[in-house]
2 protein chains.
Amino acid sequence: METINKKILLVEDDPNFGIVLKDYLSMNDFDVTLAKNGMEGFEKFKKDNFDICILDVMMPYKDGFTLAKEIREKNENVPIVFLTAKTMKEDVLKGYKAGADDYLNKPFDSEVLLMKLKAILQRKASNGLADSKKFEFTIGGFHLNSKLRFLKYKDTESIKLSPKENELLRLLALHENDLMPRELALTKIWRDDNYFTSRSMDVYIAKLRKYLKVDDTVEILNIHGEGFRLVIKTEGE
Amino acid sequence: METINKKILLVEDDPNFGIVLKDYLSMNDFDVTLAKNGMEGFEKFKKDNFDICILDVMMPYKDGFTLAKEIREKNENVPIVFLTAKTMKEDVLKGYKAGADDYLNKPFDSEVLLMKLKAILQRKASNGLADSKKFEFTIGGFHLNSKLRFLKYKDTESIKLSPKENELLRLLALHENDLMPRELALTKIWRDDNYFTSRSMDVYIAKLRKYLKVDDTVEILNIHGEGFRLVIKTEGE
DNA sequence: AGTACGTTTAACCTAACCTTAACAAAAATG
DNA sequence: CATTTTTGTTAAGGTTAGGTTAAACGTACT
């Protein structure tokens, strides 16, 4: 498993710096794809599977934050590291809100970057990586494709799911018949756990229940104060 | 919703800075334990369960790295964030080698710290924490799942239990056939031992007895002035 | 500007939960 | 055996979490 080098998407508009950094990372056994701007970065992201994304914040056309958001919509797990020239608090906060995993101010030491990357990859490795790859589920009579974001019941037309609907249902499915803690969904999907996000989540639970109503072997149960449980009643028995 | 606050171990030798930081984090809904040096930090770490550790690097007797290593020996998962006054590359590298999750140079912005903590906890929330807690019990003809909070008798519909019912029954089951002291339940579940909580507990005992009535091999007995006993009459005999 | 879509916020209602009170029954106490 | 203390049980009350719908908001696309 460890034979294949980790793939990095590096998006950096300064060509000199970009090349230097790419070479440095390549020398350290990373498989680096370099993109010169946000647009190109997103295209390349869609076409491949990266283990980590390093995004410059200041870029023409599409800045790093916007790109990060787009990336997050496609993939909620891939680690994102921002590079920025200035130490602006706003930027840092914005970055973390966009789902950053780390943040580096230029000029930074390349060795430090390397250590950060290693630390991040290590963390990811310890987490259930299998989960992040799983995107197809059978839920009673339903089939959920959470990559393409649709839900199909038997031979009926498939329903399109919004990003939040999709992620929530996916999390529930990942914990099929088991408790899916409120807190988990809130931190993973809403990235904040407060009264409003919690209410928002309830709204989405209601939406999902509506979709699932056609199949009475499938149900979303509440465990008061804890979270929800997607139960699938197995036949007979 | 009663989300229990995340526990932070903060080890910082500068008393002024330590207090300020502790207060700031407390204000932001963290449950902070402050230790004044590495030694004390490790003692406190062993005595409790923390969600995250924030360690100053420069400390008398035992520096942050040494402490981090000791902590890692006890727990290889808990996130560790270092604080350091100087931007020394050596230190940063050493920190990551010691298993750091992040690194902050003083002076740092407190909001940035907050975001980092959130980002780290979010990452951690994604892996299912290995809850070594025991939550499944067989009580005569009953099956109690105290994680999903339900009680099932043979092949009947399972009953949903409220948090208090569930915790109380779980405590009783944990002490099956043995004395479960009043005081224990009151301090563990009600977090206070007074006349009213005690009466409340009696109400819950009554509720549990009602649930358990269908199986006459199971019974909750009172031991006057001491507590309760969940007895399970084994067959034959 | 206008439309479409996804998401959040507000509002209102119901269900779940916990405590308290009230009264009855046991058990201890002297 | 009268009295106090503890426990058993039920029901009322208050508080919070959750269910649901609709309106408001925001952003992207026309």
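Proteins get letters first, then strands, A, B, ... in listed order; numbering begins at 1 in each.
- Under 3.5 Å, the side chains of S26(B) and D23(B) contain no donor-acceptor pair of N or O atoms.
- We find that CG of D192(B) is positioned 16 Å from P of dC18(C), with the value rounded to whole Å.
- Note: CD1 (I220(A)) to P (dT20(D)) measures 10 Å, nearest angstrom.
- Looking only at distances, no side-chain donor or acceptor of T197(A) sits under 3.5 Å from a matching main-chain atom of L186(A).
- Neither OP1 nor OP2 of dT8(C) sits under 4.0 Å from any side-chain N or O of T197(A).
- In this entry the distance linking NE2 of H224(A) with P of dT14(C) reads 17 Å, nearest Å.
- When the P atom of dT7(C) is taken as reference, atom CG of N194(A) falls 17 Å away, rounded to whole Å.
- Within the nucleic acid shown, Y195(B) has no heavy atom closer than 4.0 Å to any nucleic acid atom.
- For the pair K164(A) and dT8(C), the criterion of a side-chain N or O lying under 4.0 Å from OP1 or OP2 is met.
- Atom CG in L168(B) sits roughly 13 Å away from atom C1' in dC18(C) (whole-Å rounding).
- Straight-line distance from the CG atom of L161(A) to the P atom of dG6(C): 10 Å, rounded to whole Å.
- The six-membered or imidazole ring of F82(A) lies near that of F65(A), with a centre-to-centre distance under 6.0 Å.
- Side-chain atoms of D51(A) come within 3.5 Å of backbone N or O of K7(A) as a donor-acceptor pair.
- Nucleic acid contact for S200(B): base, since at least one base atom lies under 4.0 Å from a heavy atom of the residue.
- Both cation-pi conditions hold for K147(B) and F135(B): the charged atom is under 6.0 angstrom from the six-membered ring centre and inside a 45 degree cone around its axis.
- Annotation for E165(A) and L208(A): closest pair O-CD2, 3.8 Å, computed over non-hydrogen atoms.
- Look at CG on N166(A): it is 12 Å from P on dG6(C), rounded to the nearest Å.
- Taking the screw axis at each terminus of the helix from dA1(C)-dT30(D) to dG30(C)-dC1(D) from five consecutive base pairs, the angle between the two is 30° to within rounding of 10 degrees.
- The side-chain heavy atoms of V11(A) and M59(A), taken from C-beta on, include a pair separated by under 4.5 Å.
- Of all heavy-atom pairs spanning L151(B) and L169(B), the tightest one is CD1-CD2, 4.0 Å.
- Nearer to the 5' terminus of DNA chain C, by closest-nucleotide assignment, is the contact made by R149(A) (compared with the other of R149(A) and M201(B)).
- Contacts between residues 202-210 of chain B and DNA chain D, defined by a heavy-atom separation under 4.0 Å, are made by D202(B), V203(B), R209(B), K210(B).
- Look at R182(B) and you won't find any side-chain N or O under 4.0 angstrom from OP1 or OP2 of dT6(D).
- Residue W190(A) places no side-chain N or O under 4.0 Å from the OP1 or OP2 atom of dT7(C).
- In this structure, K152(B) places its NZ atom where more than 12 heavy-atom neighbours from other residues, nucleotides or ligands lie under 6.0 Å away.
- Within 6.0 Å of atom CG in D192(B), more than 12 heavy atoms from other residues, nucleotides or ligands are found, so the atom counts as buried in its surroundings.
- In this structure, CD of E183(A) is placed 13 Å from P of dG18(D), rounded to the nearest angstrom.
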